[in-house]
Structure formats: C-alpha cells, structure tokens
A.B. asks: 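Just dropping this structure here.
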Amino acid sequence: MEFAEKTLRQEYKFRGKIMCARVDDVELPNGNPAYREVCEHVGGVGVLPIDKDGNVILVRQFRYPFREVIYEIPAGKMDHGPEDAADCGLRELKEETGYTAGKLIPLGCMYPSPGFLTEITYLYAALDLTAGESAPDEDEFVERVVLPFTELERMIEADEVRDGKTITAAFRARLKGLV
C-alpha cells in the first residue's frame, strides 16, 4: 500500500526565529484532498550527563507553554547558524550545567511530535564529566539537579518527569548499558 501524500501547495502563516507555521494542501494516497498544518522547527539536542557514580545531571526550569517548572536533560535549539548536533549538545551542557564531557555517546534522535512538527531532537549521553561554572543564556533561568539514575527512573514512572527527550534519553541509555 502507498502511504505518501503529495504536496500540492504550501502557504506560510508565520515565520519566526526558531519556527515557521504553514498549511499545506495535499493529495492523499486514495486521491482525495486534505490539508496539513506543519510547524517547521530548527531542531534541537538533548544531553544526558552521567557522572562516574551513576548520577545524572538534570536541570529544572520554567516552561512557559505549560506554565510549570519541569525536570529535563540539558538541551537547546540548533539556532546558532550551521552547527553540528554534537557541538550544540556540548555547548548546551556547559551553558546549563557547567559540566564538560570527555566522551559523548550518540543515543539516536527522536521526533517530538511527528503529526505536525518537523523538529528532530538529537540525543547524547555525556560521560567523563568535569564540573565547572554554568553560563546560561540571559533569558534562561535553570537549576542544576544531581540525582541517582534510579531516582530519575522512579520520577519517570511516577509521572514527575514528562519531558519526552529526557524520557527517551534515559530509556536509550539504559538499553545501551550506560547506567
């Protein structure tokens, strides 16, 4: 069976710094017309820092769309011009936590919401950590949190961690035997 949809027309409704919104007219595999709302996103990176004792370093920060403070792995957008995902991850790790990594292990990528969002989030585990001073962006207010990996798993199971990149990175790190 053919699943691909044919794009007939694209109309941009909004163009911003990190995302654009458009509406596409498409032809479905059965020939019927439909429309798709698409949010184009610059992409992002998330890093799961794991120290020598098996602790993870998370950040707590207020997330405006949900109006709450959440736990998540250090992460950021790839909005500094052309940038390698690993370089972006190392930059965000340092900015948000102060840590630098001696080793960065790819954990794959994920599509946060593939029904309408083009964002690809690249995930890494950071090992061989060296502590240092954080330097968050001027509009970024984060608190560094160090906890055992088993506590992160408990928090995920208890629905205290809802961030998709954090849950995915933790699961993949466990599958790879990194914790």
Side-chain angles (χ1 to χ4, degrees), residues 18-19 38-79 83-137 139-179:
I18 63 166
M19 56 84 57
V38 179
C39 179
E40 298 175 354
H41 188 278
V42 295
V45 176
V47 178
L48 177 67
I50 306 168
D51 71 15
K52 64 180 175 23
D53 298 319
N55 296 311
V56 294
I57 294 89
L58 302 179
V59 293
R60 287 183 66 236
Q61 63 182 314
F62 180 76
R63 289 303 197 176
Y64 184 83
F66 295 100
R67 311 288 303 162
E68 65 184 67
V69 175
I70 68 170
Y71 290 91
E72 61 187 286
I73 59 177
K77 298 175 299 299
M78 295 176 65
D79 61 352
E83 184 175 34
D84 177 75
D87 291 341
C88 177
L90 292 171
R91 175 177 48 79
E92 291 294 334
L93 175 65
K94 175 70 174 155
E95 284 179 7
E96 293 185 6
T97 69
Y99 282 90
T100 55
K103 188 174 187 181
L104 203 60
I105 299 173
L107 296 176
C109 65
M110 62 171 280
Y111 302 152
S113 192
F116 76 98
L117 182 62
T118 67
E119 179 180 1
I120 298 173
T121 304
Y122 299 90
L123 300 171
Y124 295 91
L127 306 176
D128 300 334
L129 300 175
T130 302
E133 291 296 316
S134 63
D137 294 334
D139 64 345
E140 194 170 43
F141 302 90
V142 298
E143 175 187 27
R144 181 173 65 192
V145 179
V146 179
L147 56 133
F149 186 80
T150 54
E151 176 63 8
L152 172 58
E153 289 179 312
R154 186 207 61 77
M155 292 170 72
I156 291 170
E157 193 277 327
D159 198 30
E160 295 169 18
V161 173
R162 296 180 176 174
D163 176 60
K165 68 186 171 299
T166 301
I167 295 167
T168 302
F171 181 68
R172 290 184 178 169
R174 173 65 78 191
L175 289 175
K176 287 183 174 278
L178 299 176
V179 288

A.B. asks: For the residue pair Tyr124 and Ala86, what are the closest heavy atoms and their distance?
C.D. replies: OH-N, 3.4 Å

A.B. asks: Should Leu123 and Leu48 be marked as a side-chain contact (heavy atoms from CB on, under 4.5 Å) after you check the CA-CA gap, both sets of side-chain angles, and the distance that decides it?
C.D. replies: CA-CA 8 Å; Leu123 300 171; Leu48 177 67; over 6 Å; no

A.B. asks: Tell me if a side-chain donor or acceptor on Thr118 pairs with a main-chain N or O of His41 at a distance below 3.5 Å.
C.D. replies: yes

A.B. asks: The criterion is side-chain hydrogen bond (donor to acceptor under 3.5 Å, both in side chains); which residues satisfy it with Thr166, sequence neighbours excluded?
C.D. replies: Asp163

A.B. asks: Can you tell me how far the CD atom of Glu153 sits from the CZ atom of Phe171, to the nearest 0.5 Å?
C.D. replies: 10.5 Å

A.B. asks: Nearest 0.5 angstrom please: Asp128 CG to Ile105 CD1, how far?
C.D. replies: 8.5 Å

A.B. asks: Decide yes or no for Ile73 and Lys165: does some side-chain heavy atom of the first lie under 4.5 Å from some side-chain heavy atom of the second?
C.D. replies: yes

A.B. asks: Please name the pair of heavy atoms, one in Gly89 and one in Val45, separated by the smallest distance, quoted to 0.1 Å.
C.D. replies: CA-CG1, 3.5 Å

A.B. asks: Should we say atom CZ of Phe62 is surrounded by more than 12 heavy atoms from elsewhere, each under 6.0 Å from it?
C.D. replies: yes

A.B. asks: Please confirm whether the backbone N or O of Val179 pairs with a side-chain atom of Arg174, one donor and one acceptor, at under 3.5 Å?
C.D. replies: yes

A.B. asks: Going from CG on Leu147 to CG on Leu58, what distance comes out if it is rounded to the nearest 0.5 angstrom?
C.D. replies: 5.0 Å

A.B. asks: Taking the side chain as C-beta and beyond, is there a heavy-atom pair between Thr97 and Leu129 under 4.5 Å?
C.D. replies: no

A.B. asks: Just how far is it from atom OH of Tyr99 to atom CG of Asp51, taken to the nearest 0.5 Å?
C.D. replies: 6.5 Å

A.B. asks: Is the count of non-hydrogen atoms from other residues, nucleotides or ligands lying under 6.0 Å from Glu68 atom CD greater than 12?
C.D. replies: yes

A.B. asks: Give me the atom names and distance for the closest heavy-atom approach of Ile50 to Ala173.
C.D. replies: CD1-CB, 4.5 Å

A.B. asks: Can you list the steps and then say if Arg162 with Tyr71 is a side-chain contact (heavy atoms from CB on, under 4.5 Å)?
C.D. replies: CA-CA 8 Å; Arg162 296 180 176 174; Tyr71 290 91; over 6 Å; no

A.B. asks: Return the minimal non-hydrogen interatomic distance between Glu92 and Pro74, and the atom names on each side.
C.D. replies: O-CB, 4.3 Å

A.B. asks: Please determine if Glu119 and Lys77 form a salt bridge, counting it only when a charged side-chain N lies under 4.0 Å from a carboxylate O.
C.D. replies: no

A.B. asks: Between CG of Leu178 and CG of Leu107, what distance do you get to the nearest 0.5 Å?
C.D. replies: 6.5 Å

A.B. asks: When you measure from the side chain of Arg172 to the backbone N and O of Pro106, does any donor-acceptor pair fall under 3.5 Å?
C.D. replies: no

A.B. asks: Taking atom CE of Met19 and atom CD of Glu40, what is their separation to the nearest 0.5 Å?
C.D. replies: 9.0 Å

A.B. asks: Closest heavy-atom contact between Thr100 and Lys94?
C.D. replies: CG2-CD, 3.8 Å

A.B. asks: Would you call Arg154 and Glu151 a salt bridge, using N to O less than 4.0 angstrom?
C.D. replies: yes

A.B. asks: Ignoring hydrogens, what is the shortest heavy-atom contact between Ala101 and Leu93? Give both atom names and the distance.
C.D. replies: CB-CD2, 4.0 Å

A.B. asks: Please test Phe149 against Asn55 for side-chain contact (heavy atoms from CB on, under 4.5 Å), starting from the C-alpha separation and ending with a verdict.
C.D. replies: CA-CA 5 Å; Phe149 186 80; Asn55 296 311; over 6 Å; no

A.B. asks: Could I get the full list of salt bridge (charged side-chain N to carboxylate O under 4.0 Å, His left out) partners for Asp53, not counting sequence neighbours?
C.D. replies: none

